[in-house]
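Reading through the structure tokens given below for one structure.
Lettering of chains follows the sequences in order, A, B, ..., and the numbering in each one begins at 1. The analysis underlying the following values was restricted to heavy atoms, covering all of them including side chains, and did not include hydrogens, waters or symmetry mates. Note that the structure is predicted; figures quoted are calculated from it, not measured.
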Amino acid sequence: MSPADGTLSGRQPKAVQSALRVLEEVARAGVGVTAKEIAENLSMPSATAYRLLNLLVADGYIVRLPDLSGFSLGHRMGVLIDAAVAPTVCTAAREVLAELRLSVRFGVHLFYFTNTALRAADLDSEFPPPVDEAMLNRNLHRSAVGRLLLAEKQDLDGLVPVSDDLLKQLDMVRQQGFATQTGELREDCACVAVPVRSPSGALVAALGMSGRADQDLLLGKQIPALAECAKRLSPLLA
Amino acid sequence: MVTLPALVIPAAGGWTLAVFVVTALLMAAVGYCVGQFATRMVAVSGLYSYTVKGLGPAAGIAAGWSLVVGYAAAAMASSVGAANYLAALLSRLGVPSGAVTITVLALVVGVVALTLMIRGIRLSARISLTVEVFAIVVASAVLVIAFGGSIAGGRAPPDASVEQPHSALGFALLLAISSFVGFESAGTVAREARRPFVTVPRAIRWTPIAVGVLYVFAAAMQSTQTIRAGIGSVPIVLTLPDSADAGSTALSIAMELGITASWFACIIGSTTALSRTLFAMGREGVVPEAVGRTNRRFHTPHVALVLAMPVIVVVPLVYLWVTGSSREVLIGLLAISAHGYVGAYLLVCLATPAFLRRIGELTRLPLLIGVATAVVMIAIIIWAALTLESPVWIATAVYAGLLAAGFALYAFRLRRVPGLADRVGVFDETVAGDVLADYNPWMVRR
């Protein structure tokens with residue numbers, strides 16, 4: 001039974017600690033470590049270690065390699081790793097951004113994408129974005145940059161509440177190659193965003209522009225300039 | 001749910017309840033062994049792939065063919081069962097119920113089932129679930145009502161029932177096992193499951209227990225009835241008190257509808273599992289590659305289905321025309337089916353400790369449960385086959401013959417297909433995206 005059933009209630013500290021130690025040992029020992037080695041390294045009863053390993057595999061924190069005896073970190077660990085890394089923007093990219101900021105009277109912001117979230121890499125200090133990073137990540141489906149991320153995903157389960165409206169909007173984003181938002185995140189604000197892609201086509205960052213809600217048409221006219229800038233940023237970021 | 005206890009009761013006599021409790025425990029143990037595999041690997045062909053991983057290709061082939069025999073015979077028995085109950089329903093409308101009616105109905109049932117399955121698993125799974133829930137609810141309600149009401153006597157059975165000796169306990173156990181089969185087939189759809197290592201082991205662990213409770217309940221209700229009504233053997237179409245009032249007739253009709261529906265669900269379940277095992281064998285080259293092809297539009301293994309379905313419908317009909325008794329056909333087919341399942345379960349129980357040892361995760365409990373369950377399985381087969389009063393040894397012989405034919409085919413294909421032994425029992429390997437190596441946090445993965 002998973003902890004989500006409410007039967008655990010955090011009263012088995014030993015089990016939780018042991019599970020985390022097993023996870024840590026898989027990370028430390030590297031790809032292909034076997035269950036026996038993990039039990040030995042942790043001097044843990046083997047039955048306990050095997051049970052914990054299978055639980056962690058079931059939830060995707062670790063994976064069993066094709067030979068079935070070796071283990072490695074799984075895709076769920078990606079979320080933890082993503083949360084720990086800090087975005088850095090190189091000087092050349094900052095110069096490109098500064099150039100664009102001089103030419104418009106809107107906020108120009110650069111966001112990096114991790115697999116499931118966005119991180120503020122370089123925000124406009126003169127015209128700050130309407131909401132902060134945490135708020136954006138909770139409202140991916142309401143923001144222009146967030147919609148770029150969602151449009152890239154095949155499976156939205158667990159990220160945002162899925163609605164037919166949203167799916168239609170994401171289809172639009174895919175067709176047009178940019179995303180917009182007017183008054184959805186904050187009543188008085190509007191945004192547009194274009195993707196920055198690596199040479200291999202992976203979505204790595206978004207270039208966003210924010211203004212007042214009544215300026216949405218003017219913002220729309222800036223999209224070609226944004227796209228041009230995104231093209232120049234691509235080799236500098238990826 | 002209702003019919004199988006009715007078949008077991010004459011063979012087990014007063015021991016019916018004990019038989020079902022023992023079988024439920026045994027199946028829970030098998031579920032434990034299968035669960036050991038299901039938490040560790042994803043396999044399209046279920047027990048077949050599991051056995052290969054534990055005991056190697058030869059044992060895997062034995063398990064694979066055992067399953068094919070088990071699934072096929074179960075599907076055959078179900079088509080006879082469904083046709084019989086449909087005939088009983090139609091006879092209320094004045095259609096004469098005889099071998100001809102049953103033949104026609106069996107053909108209709110086969111065609112409908114085939115169409116549903118080619119349309120795809122999603123549709124057929126939803127339909128069989130609905131049907132099964134309907135059947136269980138109706139059957140439980142009817143049993144409770146019938147049990148609660150006063151029971152005077154039984155309606156004359158529509159089929160000539162054969163007197164069974166009351167001491168065939170081994171055979172009763174074997175039959176009871178066949179009422180649990182299929183719980184392990186959750187493993188065959190693991191590839192489609194969203195979180196296979198969570199949902200599939202859970203299904204495999206809880207199904208035998210839930211089914212066991214249902215059967216014990218059904219058996220308890222019916223055996224009380226039988227004893228009070230004083231009938232020695234119960235016909236396959238359950239007899240309800242026929243005191244000619246409308247309520248009782250409605251009950252009988254509801255019951256027959258429920259049972260027909262559940263036989264139908266059983267055809268779909270067994271044939272789906274059968275076609276998947278054949279499909280996997282086709283993919284690996286154990287049987288000709290054509291069997292491993294899927295339909296372009298519905299992505300279902302239509303070649304395997306189209307090959308299997310006529311056999312499933314025609315064989316029991318021939319059997320029926322020869323013997324003339326639905327009950328005998330049903331028991332014979334179920335006995336063969338049970339042999340197939342017990343063979344496969346036996347192998348997978350033995351494979352569990354071997355597999356765990358190979359990957360270095362063997363502990364005491366799986367070893368104990370695996371070996372003990374295997375010993376009990378062997379004991380049941382021998383006990384059943386030695387019960388000479390009932391013709392179980394024929395089923396044992398048929399099963400052995402089919403298994404030998406399977407091995408002959410394997411030996412033949414082994415010579416034709418190079419490297420076949422290494423390809424037996426494929427399973428889904430970890431996809432590259434699941435392993436965190438060369439991980440780049442700054443990108444969105446689709």
Is the shortest heavy-atom distance from the side chain of B:Phe355 to the side chain of B:Phe37 under 4.5 Å?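 Answer yes - side chains close enough.
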A:Tyr112 six-ring face occupied by A:Arg119 cation (under 6.0 Å, within 45°):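 Output no; distance or angle outside limits.
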Just so I understand: if I count every heavy-atom pair under 4.5 Å between each of A:Val57, A:Val85, A:Asp155 and chain B, which residue has the most? A:Val85
I'd like to verify something: which residue of B:Glu361, B:Arg358, B:Met443 has the highest number of heavy-atom pairs under 4.5 Å with chain A?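 Maximum pair count with chain A is reached by B:Glu361.
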Who among B:Val198, B:Leu362, B:Val444 has the most heavy-atom pairs with chain A under 4.5 Å?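 Of B:Val198, B:Leu362, B:Val444, B:Val444 has the most heavy-atom pairs under 4.5 Å with chain A.
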Can we say A:Arg197 and A:Glu152 salt-bridge, meaning some charged N sits less than 4.0 Å from an Asp/Glu carboxylate O?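 Salt bridge flag = yes for A:Glu152 with A:Arg197.
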Is A:Thr34 in contact with chain B via its backbone, its side chain, both, or neither, using a 4.5 Å heavy-atom distance? neither
Which atoms of A:Ala202 approach chain B - backbone, side chain, both or neither, heavy atom under 4.5 Å: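 A:Ala202 touches chain B through side-chain heavy atoms alone.
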Evaluate the criterion side-chain hydrogen bond (donor to acceptor under 3.5 Å, both in side chains) for residue pair B:Gln36 and B:Arg40; output intermediate values, then yes/no. CA-CA 7 Å; B:Gln36 297 298 318; B:Arg40 289 175 172 84; 3.2 Å; yes
Whether over 12 other heavy atoms sit under 6.0 Å from A:Arg174 CZ: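 Result for CZ/A:Arg174: enclosed.
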